[in-house]
Asker: 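One structure follows; several queries about it will come next.
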Number of protein chains: 2
Amino acid sequence: MRQMAANMSETRDKIVAMADRLVRTQGFNAFSYKDIAAPLEIKNAAVHYHFPAKADLGIEVVEQEIEKFRSQTSRWKKLPEDEQVVKLTEVFRRHSQEGNICLMGSLAPDFRTLSPAMQAKVLEMANAIIDWLTQCLEQGRKQGRLHFKGTAHTRALIIISNLQASLLLSRVIGSSAIRDITEQLLADLRQK
Amino acid sequence: MRQMAANMSETRDKIVAMADRLVRTQGFNAFSYKDIAAPLEIKNAAVHYHFPAKADLGIEVVEQEIEKFRSQTSRWKKLPEDEQVVKLTEVFRRHSQEGNICLMGSLAPDFRTLSPAMQAKVLEMANAIIDWLTQCLEQGRKQGRLHFKGTAHTRALIIISNLQASLLLSRVIGSSAIRDITEQLLADLRQK
DNA sequence: AAATATACTTACTTAGTAGTAAGTAAACAA
DNA sequence: TTGTTTACTTACTACTAAGTAAGTATATTT
């Protein structure tokens, strides 16, 4: 009657994937271990076995997101900077199509209700994205491929804000928002 | 031992004000009726007396926000359009100083967990803000006071995204974000 | 073959949460 | 003065949440 313990932590991966989806679709405070356990056909306590506290699960989700982001951006390294920014917007558009919002947009509203350790992880994620985009914009301007006023850091904040919030807005007013916003953003950056 | 029933619905107003604060600081799904009742020194059931279900309370909070927005913007009517946009950014900066995020930023992540009636109210709020800013930008461009590429509607979406998300980002990476972002946004709009 | 570790389940506790039914003091209206 | 409405409180129900302790089948090591 017992299930195969086929290979180690297959269930663990499924739990994290489900949690990731739930954080993005529902918000961190709006899902429970039951919402993870039921569809995977395991028991509540099995989730607690892998992640004793909900914060542990949240931290893992954020950590994997940071990992994913770093590996994606490093794969774009050889592309010209304007193409790299396009890649970034495509990541967000894909999320939008799946009905997901970005982790930052989902976790920032609840930020104060998160454990200190999880807050730290979210900050780490924010900095990873901001630092990468700042670098990319700086470099792109030097190469004459991107054009914008002000510091690269402030421009990075503006662009990330746009991407993040466009996913939120899309959910309320419909998915055309993300397309319109990203297209205009790229046009702004490309024009001298 | 009973309290004065001094004037009608004084308590009701306090409940809505407290709910508004809690939605903005914690998120709609992260506060309970106890969090409202305890600091007001009333009982849980008193909140249910005024707002039978949590969604009723949420709807009232959003409705009052729409009301507040309409009355504010109508007071700016005589100002030049660029000044009106400045006023809008000031509203957001003030929220930032109080540690609040905007209602849209707080409710959009949880959107799918909200009742249909509340979803409709949130959409109404989004449209009120977008429509106003679209009009304002359109008019400002016609007057030669504001400069931007693309449609006024898309530009309105971009600016609202920025304001909204800058409050979220501020919470995670610190409050300098909102200042930097709003200043750059205004500079962009003013420059030919 | 025995001991141990892994990956769970069963069964539970504790602590909320939204929501309700019934009662009550004060204000107000007929 | 009686009746009714307003604005609550008291005391609950039904449910869900996170988290835990103890047991068990399988796999791995010794």
Asker: With a 6.0 Å cut-off (strictly less than), is the heavy-atom count around CZ of Arg70(A), excluding the residue itself, greater than 12?
Answerer: no

Asker: Counting only side-chain N and O atoms of Lys43(B), is one of them less than 4.0 Å from OP1 or OP2 of dC8(D)?
Answerer: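 False: Lys43(B) side-chain N/O out of range (4.0 Å or more) of dC8(D) OP1/OP2.
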
Asker: Whole angstrom is fine here: how far is it from CG in Asn44(B) over to C1' in dA22(C)?
Answerer: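 Rounded to the whole Å, the gap is 16 Å.
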
Asker: Apply the test side-chain contact (heavy atoms from CB on, under 4.5 Å) to residues Phe148(A) and Asp188(B): give CA-CA distance (whole Å), side-chain angles for both, the deciding distance (0.1 Å), then the verdict.
Answerer: CA-CA 9 Å; Phe148(A) 55 90; Asp188(B) 287 353; over 6 Å; no

Asker: Examine Lys54(A) relative to Phe31(A) and say whether NZ or CZ is less than 6.0 Å from the centre of the six-membered ring and inside a 45° cone about the ring axis.
Answerer: yes

Asker: Can you tell me if Asp180(A) and Gln184(A) form a side-chain donor-acceptor pair at under 3.5 Å?
Answerer: no

Asker: Distance from Ile159(A) atom CD1 to Ile181(A) atom CD1, nearest 0.5 Å?
Answerer: 13.0 Å

Asker: Consider only side-chain N and O atoms of Arg112(B) and Thr25(A), and report whether a donor and an acceptor are under 3.5 Å apart.
Answerer: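 Distance-only check fails for Arg112(B) and Thr25(A).
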
Asker: For Thr154(B), which residues count as a side chain to side chain donor-acceptor pair (under 3.5 Å) partner, sequence neighbours excluded?
Answerer: Thr151(B)

Asker: Considering the terminal five base pairs at each end of the helix from dA1(C)-dT30(D) to dA30(C)-dT1(D), what angle separates the two local helix axes, rounded to 10°?
Answerer: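 Helix axis angle between the two ends: 0°.
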
Asker: Once you round it to whole Å, what is the distance between C1' of dA17(D) and CG of Leu57(A)?
Answerer: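 Whole-Å distance recorded here is 15 Å.
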
Asker: Expressed as a whole number of angstroms, how long is the span from Ile36(A):CD1 to dC8(C):C1'?
Answerer: 16 Å

Asker: Could you give the side-chain donor-acceptor pairs of residues 60-69 of chain B under 3.5 Å, partners two or more places apart or in another chain?
Answerer:
| from | atom 1 | to | atom 2 | distance (Å) |
| --- | --- | --- | --- | --- |
| Glu60(B) | OE1 | Arg12(B) | NH2 | 3.3 |
| Glu60(B) | OE2 | Arg12(B) | NH2 | 3.4 |
| Glu60(B) | OE2 | Gln64(B) | NE2 | 3.1 |
| Glu63(B) | OE2 | Lys121(B) | NZ | 3.0 |
| Glu65(B) | OE1 | Arg24(B) | NH2 | 2.8 |

Asker: Between dT9(C), dC8(D), dT20(C), which nucleotide has the shortest distance from any of its atoms to the side chain of Ala46(B)?
Answerer: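 The closest nucleotide is dC8(D).
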
Asker: Mind checking side chain to side chain contact (heavy atoms under 4.5 Å, CB included) for Ala46(B) and listing every partner two or more places apart, or none if nothing turns up?
Answerer: Ile42(B)

Asker: Once rounded to the nearest 0.5 Å, what's the spacing between atom CD1 of Ile130(B) and atom CD1 of Ile173(A)?
Answerer: 4.0 Å

Asker: Could you state the atom-to-atom distance from CD1 of Ile42(B) to P of dA25(C) in whole Å?
Answerer: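 Checked: the CD1 to P distance equals 20 Å.
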
Asker: Give the rounded distance in Å between these two atoms: NZ of Lys14(B) and P of dA7(D).
Answerer: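 It works out to 14 Å between those atoms.
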
Asker: Between Lys34(A) (NZ) and dC12(C) (P), how many Å, whole number?
Answerer: 20 Å

Asker: Hey, does the side chain of Ser106(B) reach the backbone of Val23(B) with a donor-acceptor pair shorter than 3.5 angstrom?
Answerer: yes

Asker: Which residue lies toward the 5' end of DNA chain D, Ala45(A) or Asp35(A), if each is placed at its nearest nucleotide?
Answerer: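 The 5'-side residue here is Asp35(A).
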
Asker: Go through residues 48-55 of chain B and report each residue with a non-hydrogen atom lying under 4.0 Å from DNA chain D, sorted by number.
Answerer: Tyr49(B), His50(B)

Asker: Return the value, rounded to whole Å, for the distance between atom CG of Asp13(B) and atom P of dT6(D).
Answerer: 17 Å

Asker: Among residues 20-33 of chain B, which ones have heavy-atom contacts with DNA chain C below 4.0 Å?
Answerer: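 Those residues whose heavy atoms fall under 4.0 Å from DNA chain C, taken from residues 20-33 of chain B in numerical order, are Phe31(B), Ser32(B), Tyr33(B).
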
